[in-house]
Amino acid sequence: AQSVTQLDSQVPVFEEAPVELRCNYSSSVSVYLFWYVQYPNQGLQLLLKYLSGSTLVKGINGFEAEFNKSQTSFHLRKPSVHISDTAEYFCAVIRTGGGNKLTFGTGTQLKVEL
Amino acid sequence: EAQVTQNPRYLITVTGKKLTVTCSQNMNHEYMSWYRQDPGLGLRQIYYSMNVEVTDKGDVPEGYKVSRKEKRNFPLILESPSPNQTSLYFCASSQGSGANVLTFGAGSRLTVL
(Lines give C-alpha, C1' and ligand atoms only; values in the text may rest on other atoms or scores of the structure.)
Protein backbone atom coordinates (compact mmCIF):
# COMPACT_ATOMS: atom_id res chain seq x y z
CA ALA A 1 0.00 0.00 0.00
CA GLN A 2 1.14 3.52 -0.65
CA SER A 3 0.95 6.58 1.59
CA VAL A 4 1.54 10.30 1.26
CA THR A 5 2.85 12.74 3.84
CA GLN A 6 2.41 16.48 3.62
CA LEU A 7 4.25 17.74 6.65
CA ASP A 8 3.07 21.34 6.48
CA SER A 9 -0.62 21.81 7.23
CA GLN A 10 -0.38 25.57 6.67
CA VAL A 11 2.10 27.73 4.79
CA PRO A 12 1.77 31.51 5.03
CA VAL A 13 3.71 33.54 2.48
CA PHE A 14 3.80 37.11 1.23
CA GLU A 15 2.75 37.93 -2.30
CA GLU A 16 5.57 37.70 -4.88
CA ALA A 17 7.65 35.50 -2.56
CA PRO A 18 8.67 31.97 -3.59
CA VAL A 19 7.00 28.98 -2.02
CA GLU A 20 7.64 25.26 -1.66
CA LEU A 21 5.01 22.78 -0.51
CA ARG A 22 6.49 19.49 0.58
CA CYS A 23 5.26 16.02 -0.29
CA ASN A 24 6.85 12.69 0.56
CA TYR A 25 5.45 9.33 -0.40
CA SER A 26 5.96 5.74 0.59
CA SER A 27 5.45 2.82 -1.75
CA SER A 28 7.02 -0.55 -2.43
CA VAL A 29 6.25 -0.25 -6.14
CA SER A 30 6.57 2.46 -8.74
CA VAL A 31 3.97 5.20 -8.64
CA TYR A 32 2.41 8.07 -10.47
CA LEU A 33 2.29 11.37 -8.58
CA PHE A 34 -0.16 14.25 -8.71
CA TRP A 35 -0.75 17.67 -7.22
CA TYR A 36 -4.34 18.87 -7.02
CA VAL A 37 -5.53 22.31 -5.89
CA GLN A 38 -8.78 23.17 -4.13
CA TYR A 39 -9.88 26.80 -4.24
CA PRO A 40 -12.35 27.92 -1.58
CA ASN A 41 -15.77 26.28 -1.92
CA GLN A 42 -14.77 24.32 -5.00
CA GLY A 43 -13.83 20.80 -5.96
CA LEU A 44 -10.27 19.74 -6.67
CA GLN A 45 -8.55 20.31 -9.99
CA LEU A 46 -5.27 19.05 -11.35
CA LEU A 47 -2.17 21.22 -11.08
CA LEU A 48 0.34 18.79 -12.52
CA LYS A 49 1.30 15.13 -12.66
CA TYR A 50 4.39 12.96 -12.96
CA LEU A 51 4.07 9.76 -14.93
CA SER A 52 7.56 9.14 -16.30
CA GLY A 53 10.42 10.87 -18.08
CA SER A 54 11.73 14.24 -17.00
CA THR A 55 11.69 14.61 -13.24
CA LEU A 56 10.80 18.29 -13.44
CA VAL A 57 7.14 18.71 -14.22
CA LYS A 58 5.49 21.99 -15.09
CA GLY A 59 1.85 22.64 -14.37
CA ILE A 60 -0.74 25.36 -14.59
CA ASN A 61 -0.47 28.82 -13.03
CA GLY A 62 3.35 28.77 -12.94
CA PHE A 63 3.69 25.82 -10.57
CA GLU A 64 6.25 23.09 -11.00
CA ALA A 65 7.27 19.99 -9.09
CA GLU A 66 10.33 17.79 -9.04
CA PHE A 67 10.19 14.04 -8.63
CA ASN A 68 13.06 12.73 -6.52
CA LYS A 69 13.05 8.95 -6.41
CA SER A 70 15.92 8.58 -3.95
CA GLN A 71 14.24 10.89 -1.45
CA THR A 72 10.72 9.71 -2.37
CA SER A 73 9.61 13.30 -2.68
CA PHE A 74 7.51 15.36 -5.05
CA HIS A 75 7.73 18.94 -3.77
CA LEU A 76 5.68 21.69 -5.37
CA ARG A 77 7.25 25.09 -6.07
CA LYS A 78 6.36 28.47 -7.44
CA PRO A 79 8.94 31.27 -7.78
CA SER A 80 6.49 34.11 -7.14
CA VAL A 81 3.03 33.63 -5.65
CA HIS A 82 -0.06 35.70 -6.14
CA ILE A 83 -3.03 36.33 -3.88
CA SER A 84 -5.10 34.12 -6.17
CA ASP A 85 -2.89 31.13 -5.27
CA THR A 86 -4.49 31.03 -1.83
CA ALA A 87 -5.96 27.53 -1.73
CA GLU A 88 -5.47 24.06 -0.32
CA TYR A 89 -3.01 21.82 -2.15
CA PHE A 90 -3.11 18.04 -2.13
CA CYS A 91 -0.40 15.63 -3.14
CA ALA A 92 -1.62 12.22 -4.34
CA VAL A 93 -0.10 8.92 -5.41
CA ILE A 94 -1.26 5.82 -7.26
CA ARG A 95 0.73 2.75 -8.18
CA THR A 96 1.54 2.18 -11.81
CA GLY A 97 0.41 -0.87 -13.72
CA GLY A 98 -3.25 -1.05 -12.91
CA GLY A 99 -3.56 0.87 -9.69
CA ASN A 100 -7.10 2.04 -9.03
CA LYS A 101 -6.88 3.69 -5.61
CA LEU A 102 -5.55 7.22 -5.58
CA THR A 103 -4.21 8.07 -2.11
CA PHE A 104 -4.22 11.71 -1.04
CA GLY A 105 -2.13 13.51 1.53
CA THR A 106 -3.74 15.54 4.28
CA GLY A 107 -3.34 18.80 2.37
CA THR A 108 -1.41 22.05 2.78
CA GLN A 109 -3.27 25.32 3.14
CA LEU A 110 -1.35 28.04 1.29
CA LYS A 111 -2.25 31.52 2.46
CA VAL A 112 -0.82 34.37 0.43
CA GLU A 113 -0.76 37.72 2.17
CA LEU A 114 -0.16 41.24 0.90
CA GLU B 1 -19.40 21.45 -20.64
CA ALA B 2 -17.65 18.39 -19.23
CA GLN B 3 -18.56 18.09 -15.59
CA VAL B 4 -19.42 16.01 -12.56
CA THR B 5 -22.66 17.08 -10.90
CA GLN B 6 -23.47 16.32 -7.29
CA ASN B 7 -26.75 16.89 -5.46
CA PRO B 8 -27.58 18.11 -2.95
CA ARG B 9 -24.77 20.59 -2.39
CA TYR B 10 -25.80 21.14 1.22
CA LEU B 11 -27.89 18.94 3.49
CA ILE B 12 -28.72 18.90 7.17
CA THR B 13 -30.37 15.72 8.37
CA VAL B 14 -30.95 13.73 11.54
CA THR B 15 -29.47 10.48 12.75
CA GLY B 16 -31.00 7.43 11.12
CA LYS B 17 -32.82 9.14 8.25
CA LYS B 18 -31.73 7.48 5.01
CA LEU B 19 -30.33 9.77 2.37
CA THR B 20 -28.80 9.56 -1.08
CA VAL B 21 -26.24 11.90 -2.62
CA THR B 22 -26.41 11.71 -6.38
CA CYS B 23 -23.45 11.97 -8.74
CA SER B 24 -23.63 12.21 -12.50
CA GLN B 25 -20.93 12.73 -15.14
CA ASN B 26 -21.33 13.61 -18.81
CA MET B 27 -17.91 12.50 -20.07
CA ASN B 28 -18.61 8.80 -20.58
CA HIS B 29 -15.99 8.00 -17.95
CA GLU B 30 -15.54 4.42 -16.83
CA TYR B 31 -14.08 5.12 -13.40
CA MET B 32 -16.01 6.90 -10.63
CA SER B 33 -15.20 7.37 -6.99
CA TRP B 34 -16.49 8.92 -3.77
CA TYR B 35 -14.29 10.70 -1.24
CA ARG B 36 -14.93 12.37 2.06
CA GLN B 37 -12.89 15.36 3.19
CA ASP B 38 -12.36 16.06 6.87
CA PRO B 39 -10.10 18.70 8.47
CA GLY B 40 -6.62 17.34 9.05
CA LEU B 41 -7.39 14.06 7.31
CA GLY B 42 -7.41 15.13 3.67
CA LEU B 43 -9.49 13.11 1.22
CA ARG B 44 -10.26 9.51 1.99
CA GLN B 45 -11.78 7.17 -0.55
CA ILE B 46 -15.14 5.64 0.36
CA TYR B 47 -16.02 3.50 -2.68
CA TYR B 48 -15.01 3.36 -6.30
CA SER B 49 -16.35 1.82 -9.48
CA MET B 50 -14.34 0.61 -12.46
CA ASN B 51 -17.43 0.31 -14.67
CA VAL B 52 -21.15 -0.50 -14.67
CA GLU B 53 -22.00 -3.08 -11.98
CA VAL B 54 -18.36 -3.12 -10.78
CA THR B 55 -17.80 -1.46 -7.41
CA ASP B 56 -15.27 -1.90 -4.63
CA LYS B 57 -14.50 -0.57 -1.18
CA GLY B 58 -12.09 2.24 -0.59
CA ASP B 59 -10.44 3.06 2.71
CA VAL B 60 -13.52 4.14 4.72
CA PRO B 61 -16.59 2.25 3.38
CA GLU B 62 -18.35 1.61 6.70
CA GLY B 63 -21.84 3.10 6.81
CA TYR B 64 -22.05 3.73 3.07
CA LYS B 65 -23.42 1.95 0.03
CA VAL B 66 -23.07 2.64 -3.67
CA SER B 67 -24.49 1.34 -6.91
CA ARG B 68 -23.49 1.69 -10.56
CA LYS B 69 -26.44 0.70 -12.70
CA GLU B 70 -25.64 3.21 -15.44
CA LYS B 71 -22.28 4.47 -16.60
CA ARG B 72 -23.04 8.13 -15.89
CA ASN B 73 -24.46 7.77 -12.36
CA PHE B 74 -22.83 6.73 -9.10
CA PRO B 75 -25.05 7.53 -6.09
CA LEU B 76 -23.79 7.40 -2.52
CA ILE B 77 -26.29 5.98 -0.04
CA LEU B 78 -26.26 6.48 3.72
CA GLU B 79 -28.76 3.95 5.03
CA SER B 80 -28.67 5.16 8.64
CA PRO B 81 -26.55 8.30 8.92
CA SER B 82 -24.70 9.05 12.13
CA PRO B 83 -23.01 12.26 13.33
CA ASN B 84 -19.55 10.90 12.46
CA GLN B 85 -20.62 10.98 8.82
CA THR B 86 -20.84 14.76 8.96
CA SER B 87 -18.36 15.71 6.28
CA LEU B 88 -17.71 17.22 2.86
CA TYR B 89 -18.22 14.64 0.13
CA PHE B 90 -16.74 14.64 -3.35
CA CYS B 91 -17.57 12.54 -6.35
CA ALA B 92 -14.95 12.20 -9.08
CA SER B 93 -14.60 10.45 -12.40
CA SER B 94 -11.92 9.61 -14.96
CA GLN B 95 -11.60 7.72 -18.21
CA GLY B 96 -9.82 4.93 -16.41
CA SER B 97 -7.79 4.60 -13.25
CA GLY B 98 -4.03 4.80 -12.87
CA ALA B 99 -2.52 7.76 -14.69
CA ASN B 100 -5.83 9.26 -15.65
CA VAL B 101 -6.77 12.60 -14.14
CA LEU B 102 -9.83 12.81 -11.94
CA THR B 103 -12.57 15.36 -12.60
CA PHE B 104 -14.22 16.36 -9.33
CA GLY B 105 -17.68 17.55 -8.52
CA ALA B 106 -18.18 20.73 -6.48
CA GLY B 107 -18.82 18.81 -3.27
CA SER B 108 -21.76 18.03 -0.99
CA ARG B 109 -21.63 19.28 2.59
CA LEU B 110 -23.55 16.93 4.84
CA THR B 111 -24.42 17.57 8.47
CA VAL B 112 -25.95 14.79 10.55
CA LEU B 113 -27.50 15.94 13.84
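Numbered from 1 within each chain, the chains take letters A, B, ... in sequence-line order. Scope of the values below: all heavy atoms of this structure, side chains included, with no hydrogens, waters or symmetry mates.
The line from CG of Leu102(B) to CG of Leu102(A) is 5.5 Å long, rounded to the nearest 0.5 Å. The structure places CZ of Phe104(B) at 9.0 Å from CD of Gln38(A), a figure rounded to the nearest 0.5 Å. Here the straight-line distance linking atom CZ of Arg44(B) with atom OG1 of Thr103(A) works out to 12.5 Å at 0.5 Å rounding. The CG atom of Asn100(B) sits 9.0 Å away from atom CG of Leu51(A), with the distance rounded to the nearest 0.5 Å.
Ion pairing between a basic and an acidic side chain is recognised when a charged N comes within 4.0 Å of a carboxylate O; Lys101(A) and Asp56(B) show no such pairing.
Residues Phe63(A) and Leu44(A) do not share a hydrophobic cluster, clusters being chains of Ile/Leu/Val/Met/Phe/Trp/Tyr side chains in contact below 4.5 Å. In this structure, Leu88(B) is not a member of the same hydrophobic cluster as Val21(B), with clusters built from ILVMFWY side-chain heavy atoms closer than 4.5 Å. Connection of Phe90(B) to Leu19(B) is not established within any shared hydrophobic cluster, with ILVMFWY side chains joined at heavy-atom distances below 4.5 Å, either directly or through further cluster members. A continuous path of hydrophobic side-chain contacts links Tyr39(A) to Ile83(A) [ILVMFWY only; heavy atoms under 4.5 Å]. Ile94(A) is not connected to Leu33(A) by any chain of hydrophobic side-chain contacts under 4.5 Å among Ile, Leu, Val, Met, Phe, Trp and Tyr, and they are in different clusters.
No more than 12 heavy atoms of other residues, nucleotides or ligands lie within 6.0 Å of CD1 in Ile12(B), so this atom counts as exposed by the packing criterion. Dense packing is recorded around CG of Asn84(B), with more than 12 heavy atoms of other residues, nucleotides or ligands lying under 6.0 Å away. For Arg77(A), the CZ atom sits in a packed shell: over 12 heavy atoms of surrounding residues, nucleotides or ligands are nearer than 6.0 Å.
When heavy atoms are compared at a cutoff of 4.5 Å, Gln109(A) does not approach chain B at all. Only the backbone of Leu41(B) comes within less than 4.5 Å of a heavy atom of chain A; no side-chain atom from C-beta onward does. For a residue to count as touching a neighbouring chain, one of its non-hydrogen atoms must lie under 4.5 Å from one of that chain's; by this rule Gln6(A) does not touch chain B.
Across all non-hydrogen atoms, the minimal contact from Gln37(B) to Phe90(A) is NE2-CZ, 3.3 Å. In terms of heavy-atom proximity, Tyr36(A) sits nearest to Val101(B) at OH-CG1, 3.8 Å.
In this structure, the side chain of Tyr35(B) does not engage the main chain of Phe104(A) through any donor-acceptor pair within 3.5 Å.
Within the 4.5 Å cutoff, the side chain of Leu43(B) has no heavy atoms near those of the Thr106(A) side chain.
Most heavy-atom pairs under 4.5 Å with chain A: of the set Asp59(B), Thr103(B), Val4(B), this distinction falls to Asp59(B).
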